[in-house]
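These notes concern the structure reproduced below.
Atoms considered below: every heavy atom in the structure, side chains included; atoms not considered: hydrogens, waters and symmetry mates. In this text the structure is predicted, and so the values were computed from the model without any measurement.
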Amino acid sequence: MPERQLRMRRPHFDRLPGYTLPEGYTLRTYRPGDEAAWAAIMNTGIGSGWTAELCAQKLTSLPQFRPDGLFFVTYDGQPVGSACAWPDAPDRLDICQLHMVCVVPEHRGKGLGRSVTLAVLHYMRDQGFQETYLLTDDDRLPALKEYLDLEYEPVYLDDSHRARWARVISQLGQTERWWRHARPEPVSYQLRQAEGNLALLVITDSSRRQAYDLARRTVFSALFHLGIPYRVLDLATARETSHALRSHSAILLAQSGIGDSLSDVFARQMAEVVRAGVGLISVDHRLDRYPDPLRRLLPVAVSDGVMTTEAAAVPPDDHFIVRTHDPAVVHRFVRPVEVACVDVVDDGLTLVETGEHAPALVVGTHGAGRVAQYLVSPAVWTHESFGHCEGLDDVFWKSIVWTARKPFVMKAMPPFVAIRVDEASGAADGFAWVRPLVARGWRPHVGVLTEEIHQAEWRTMADLARTGGVEWCPQSLTGRRGLYFHHVARRPYSDDEVQACLSQAKGKFDQYGIPLPRSLNSRDGEFGRNVIPLLAEWGVQYTLSLFLPNEPFDGDHVDWEPGPYGQAGFILDDLFGFPGLFAAVALHLPSREREYIDPARTRYTVGPGFVDAVDCFHERTVAHGFPANLIEDTARAAARAVRLGLDSRFYGLIVTREPMINALSPDEWERFLDRVDELTAGYGTIRASLDVIAEYGRSHAKTHLARAEYDRETGRFHLTLSGRATVPLFIQVFDEACQERVERVMSEE
């Protein structure tokens, strides 16, 4: 049943401000006999019908009531306002409710509610409570504004709360500060189910709200981005017959602690269909809570213990799930995550280990069915702990592909790869470095410094745009003067400055007949809000920046939770606040390089390692004082970026700057390109321009595989896409050997 009231929480008692009372007012705590005065206050703002007797029955006689935790504001000795601390249980010190905050109408508008609230919060802190929450109503706007100012955060108790909070935040004019609760939830977090016998059956329990919400942000977002068709079985509202279980390609246990919601009967039914050939994937590490019939089909022997780990690695193995991994890489977590303690049974195979060499992913068989059991908590897929697009995503989706009954289909991004070169002017070699790229089939995106290019280089650019498929982008005026943002002053340009800068740059492109790209690649990702309407006139539809408008690179950035993963770095989503501009980004911004500057984790600064994570040549050439160019190291860094994008099913992207390329000899540049090809062989890559990739990415994000059916008698597929696509899309089909082939399909409105 929908939760009527809104909930807010303050997860700590840090930075509590002091408080004072206006002249004539005092503060005291409860005295015996105060029930009548308390009832009179609450009748003016917290319901009606309060009496001294009802107040005693429902409040002061209960074991949670703390006389020293009920505060009154008094005037001339008469209580005129109140608030109290209300623990969830008499002996609990972990969490406490701020309760019954009210001031009588004739004394409102003087800050009394804030003062009495702070008195209670100081009391909670002094008593040793760790967290506080409150319940309130949508129409109590002054109180809601006060709570937000006191660092209470909105909490979603049910699906209606996001929209309700969006209205409240808008009414309060607090969208700049509390934008996270005003923006729509990424569509990837929402359930987008499919019909047909090629769909997974994803088992959840929405009554276990915290685990369910974690599943939506981690598992469901991944299924959406990967285009894996699924149907949801919510154990809070339904059960499934064994006959219906057989009609799916695999069963996915999608949230932690789901074993508490599984009956022995249902577990036996699951075991039967897995034995008959339906796959089973579980991201639930709490195996100790599984019913016995489910435990017996796992490739591990379950114990009751859990531990924590801070890393994961992939041992050398030629198994499909981990074949492309470098066993030398250790994936370090941002913070520890839980891992189940198990023993691997004889036919089980460990494909991922913890930093302590304990199993983290074990696969095996049960009858005709395949089983993949994760031993780490699904919290590992949050960017607070580790996250998607950090190097293990291919393990996730390949474990589903390997486990599921074949054929198996998914609507993922094709293996596009691109190269982006920034800060280019052709001054050193007249853009000679571009020609080896074109000869190898690359469609490079080159960000140019429009005021540093000479006439001969403009003619070369025009020729390469016409014959070589090079995408030239006006990126900046000079190395110091920004085109879309005042780089030196760290501020947006004025409207007149913007008009002058853009007219100057566009005039050069028009003069030489060079088409403008549809993707914005601005210097350091900086651009002003007032630039966007002018870019729309140029036909710009995509942005390659991680950041929102008006944000200087070295300033603070809104963590705007873009889809599909809420991860600043790998983005396929409309730019927040600017639906006409689509962000198509595949840049690795490691979690450790996001240094949060507020406790709500809504704003961050970019750490010093960001440039090294993005530019594969950074600090590997003579341009940075090295005695020689480190071609092998640079090629490996570029290949890592490409493989990370492809393994995450975004796109592979190599990023560098022209001065770095100019530090190489022509032979070194050729050797670098050859080595990258060698290190990324086997992916079946498609070299494309960033405009092409961005358009495909938008069509991919705006469509949904709504039906996936396979007729085993005729061998025909029946696939239906919903949504809107501007280009043909592709479906990946996997056979029994997990070999992939591609089918082309268009979307339907």
* **Test item: side-chain donor near acceptor, D647 and H325, under 3.5 Å** => no
* Asked: Between R208 and S261, do the side chains contain an N or O donor and an N or O acceptor separated by less than 3.5 Å?
  -> yes
* To do: Identify whether NZ of Lys or CZ of Arg in R7 sits under 6.0 Å from the centre of the six-membered ring of Y133 and within 45° of that ring's axis.
  => yes
* Asked: Using 4.0 Å as the upper bound for N to carboxylate O, is an ion pair formed by E678 and R675?
  -> yes
* If every non-hydrogen atom of F408 is compared with every non-hydrogen atom of L198, which pair is closest and at what distance? -> CE1-O, 4.4 Å
* To do: Only counting residues at least two apart or in another chain, list the ones meeting side chain to side chain contact (heavy atoms under 4.5 Å, CB included) with A238.
  => L233
* Among R332, H383, H588, H331, whose side chain to side chain donor-acceptor pair (under 3.5 Å) with E390 holds? -> H588
* Structure fact -> Quick note, side chain to side chain donor-acceptor pair (under 3.5 Å) partners involving residues 185-194, not counting sequence neighbours, are E185-R216
* **Minimum side-chain heavy-atom gap Y565-F570 below 4.5 Å** => no
* Looking only at heavy atoms, which two atoms of F396 and V219 are closest? And how far apart? -> CZ-CG1, 4.4 Å
* Salt bridge R268-E272, side-chain N to carboxylate O under 4.0 Å -> no
* Structure fact -> By salt bridge (Lys or Arg N to Asp or Glu O under 4.0 Å), D292 pairs with (sequence neighbours left out) none
* Enumerate the residue pairs fulfilling side chain to side chain donor-acceptor pair (under 3.5 Å) with a member in residues 347-356, sequence neighbours excluded, ordered by first and then second residue. => T309-E356, E353-H357, T354-E356
* Salt bridge or not for R15 and E151, using N-O below 4.0 Å? -> yes
* Structure fact -> For L705 and K411 the tightest heavy-atom approach is N-CE, 4.2 Å
* Asked: What closest approach, in Å, do Y374 and S399 show between heavy atoms, and which atom pair accounts for it?
  -> OH-OG, 2.9 Å
* Is the backbone N or O of H248 less than 3.5 Å from a side-chain atom of R405, with the two atoms forming a donor-acceptor pair by type? -> yes
* Asked: With respect to L349, which candidate in V363, L361, V362 satisfies the side-chain contact (heavy atoms from CB on, under 4.5 Å) definition?
  -> V363
* To do: Taking all heavy atoms of F734 and all of C738, pick out the closest pair and write down the distance.
  => CD2-O, 3.6 Å
* Who passes side chain to side chain donor-acceptor pair (under 3.5 Å) against Q567, sequence neighbours left out? -> none
* Any Lys/Arg nitrogen of K406 or D735 sitting under 4.0 Å from an Asp/Glu carboxylate oxygen of the other? -> no
* **Heavy-atom pair of closest approach, residues L587 and L544** => CD1-O, 4.4 Å
* **Residue list, salt bridge (Lys or Arg N to Asp or Glu O under 4.0 Å) with R649, at least two apart or on another chain** => E740
